[in-house]
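Just below is one structure, and these are the notes that go with it.
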Protein chains: 2
Amino acid sequence: MFPIGRLAKATGVKVPTIRYYEQIGLLPEPERTAGNQRLYTQGTLERLAFIRHARDLGFPLEAIRELLSLSDRPGQSCAAADEIARRQLAVVEARMARLAALRDALQRMLDHCASGTIADCRVIEVLGDHGLCAHDHGAAEAGHPA
Amino acid sequence: MFPIGRLAKATGVKVPTIRYYEQIGLLPEPERTAGNQRLYTQGTLERLAFIRHARDLGFPLEAIRELLSLSDRPGQSCAAADEIARRQLAVVEARMARLAALRDALQRMLDHCASGTIADCRVIEVLGDHGLCAHDHGAAEAGHPA
DNA sequence: CTTGAAGCTCTAGTCGCTAGAGGAATTAGG
DNA sequence: CCTAATTCCTCTAGCGACTAGAGCTTCAAG
């Protein structure tokens with residue numbers, strides 16, 4: 001039985017994130033000390049490590065919720081878990097393809113940059129002119145910092 | 001002079017998004033009709049097309065804001081714009097490397113899936129066991145739907 | 001002149017956290 | 001046993017980049 005800080009250190013998940021996971025029901029409400037502080041067990045540590053690994057692999061929390069509920073019923077078929085992982089793989093591959101296109105477009109912009117004034121700047125030019133870009137009208141692969 | 005719907009159709013940017021861009025100062029406040037409806041010019045259309053292209057290339061709005069302010073001063077050096085694009089390229093490449101690692105980990109999980117019961121499921125197993133994963137402790141490349 | 005599409009403002013929700021305020025509890029050292 | 005430092009608590013608000021919906025007004029076509 002250890003407090004939240006030790007759990008955080010052991011799993012590499014930050015303290016507020018652990019509380020957030022509890023709030024959204026990914027982690028069970030733990031026991032408390034007389035002074036209302038959370039006390040965790042080894043079981044919860046393992047559950048959180050599972051979540052952490054899955055997050056590292058890019059699974060959204062909803063998929064992790066599903067995987068956890070599967071792993072709580074160990075006698076059943078593996079097919080559902082397999083399917084979730086397969087879907088995640090597809091997501092990752094799609095995102096990679098999209099990024100490869102972006103990288104190439106950026107590289108082309110930079111390759112041809114005259115390093116002169118803004119008026120001749122390929123970067124600005126490509127972004128401003130409809131005809132010069134690769135013109136992929138899928139969803140933007142943007143946002144979301146490291 | 002045309003209304004917001006036509007601007008949306010012409011650029012492929014949704015109507016609420018256009019209003020949002022105005023709200024955060026990426027687009028200027030347009031003229032209005034007597035009945036308070038927005039009226040846009042060709043200039044704004046081009047500005048919005050620029051934003052759209054840059055978003056498609058994954059530039060965050062703050063970088064776009066900077067690029068726009070650069071392109072408003074066409075006599076200056078291209079170096080700053082070049083630098084922004086270079087940074088974006090680095091971001092994209094880092095993200096790709098991260099995704100490649102995820103893809104490989106997912107692929108390995110699936111390759112070895114016994115297709116049996118949950119108890120033997122490689123997917124669950126890998127996520128639960130610290131020792132089995134590739135153990136890259138960078139930030140998660142997660143979230144963010146298409 | 002009526003109807004239906006398109007416009008308006010405003011608020012709240014999405015995802016997965018992160019940051020901060022303002023306080024209470026625990027723990028290590030003296 | 002007491003103090004000081006650290007950790008913990010709850011709560012609210014914010015990030016980026018939108019998206020959705022309520023409830024209303026204005027415009028264009030027939």
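Letters A, B, ... are given to chains in the order of the sequence lines, protein chains preceding strands, and every chain is numbered from 1.
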Q: Whole angstrom is fine here: how far is it from OH in A/Y20 over to P in C/dA19?
A: 15 Å
Q) Heavy atoms under 4.0 Å, any strand shown: does A/R19 hit a base, just sugar-phosphate, or nothing? A) base
Q) Does some side-chain heavy atom of B/Q37 sit less than 4.5 Å from a side-chain heavy atom of B/R32? A) no
Q.
Restricting to side chain to side chain donor-acceptor pair (under 3.5 Å), what partner residues turn up for A/E31, sequence neighbours left out?
A. none
Q | Nearest-angstrom distance from the residue atom CD1 of B/I18 to C1' of D/dA20 | A | 17 Å
Q. Which of the following nucleotides, D/dT19, C/dT18, D/dA17, is nearest to the side chain of B/P16?
A. D/dT19
Q) What residues form a salt bridge (Lys or Arg N to Asp or Glu O under 4.0 Å) with B/E66, not counting sequence neighbours? A) none
Q: Nearest whole angstrom, please: distance from the C1' of C/dG7 to the CD of B/E22.
A: 13 Å
Q) How long is the line joining CD1 of A/I51 and C1' of C/dG16, in whole Å? A) 13 Å
Q) How do B/R6 and B/Q23 order along DNA chain C: which one's closest nucleotide is nearer the 5' end? A) B/R6
Q) In whole angstrom, what separates B/F2's CZ from D/dC27's P? A) 18 Å
Q: Check every atom of C/dG7, C/dC17, D/dC18 against the side chain of B/I4 and return the nucleotide holding the closest atom.
A: C/dG7
**Q.** B/R38 side chain, from C-beta outward: closest of D/dA17, D/dT10, C/dC8
**A.** C/dC8
Q.
Expressed as a whole number of angstroms, how long is the span from A/I64:CD1 to C/dC17:C1'?
A. 13 Å
Q.
Looking at D/dA17, I'd like to know if its phosphate oxygens (OP1 or OP2) sit under 4.0 Å from a side-chain N or O belonging to B/Y21.
A. no
Q) For residues 25-37 of chain A, which residues have at least one heavy atom under 4.0 Å from DNA chain C? A) A/T33, A/G35, A/Q37
Q) Looking at A/T17, does any N or O in its side chain come under 4.0 Å of the phosphate oxygens OP1/OP2 on C/dG16? A) no
Q | Integer-rounded Å distance: D/dC8 C1' and A/L39 CG | A | 11 Å
(Q) With a 4.0 Å cut-off on N to O distance, would you call B/R108 and B/D104 a salt bridge? (A) no
Q: May I ask you to test the B/L68-B/I51 pair for a side-chain heavy-atom distance under 4.5 Å?
A: yes
Q) Hey, is the main chain of A/L99 close enough, under 3.5 Å, to the side chain of B/R95 for a donor-acceptor pair? A) no
**Q.** Residue B/V15, side-chain atoms from C-beta onward, closest of C/dT9, C/dG7, C/dC17
**A.** C/dG7
Q | First encountered from the 5' end of DNA chain C, between B/P3 and A/K14 | A | B/P3
Q: Return yes if some donor-acceptor pair links the side-chain N/O of B/R47 with the main-chain N/O of B/L26 below 3.5 Å, else return no.
A: yes
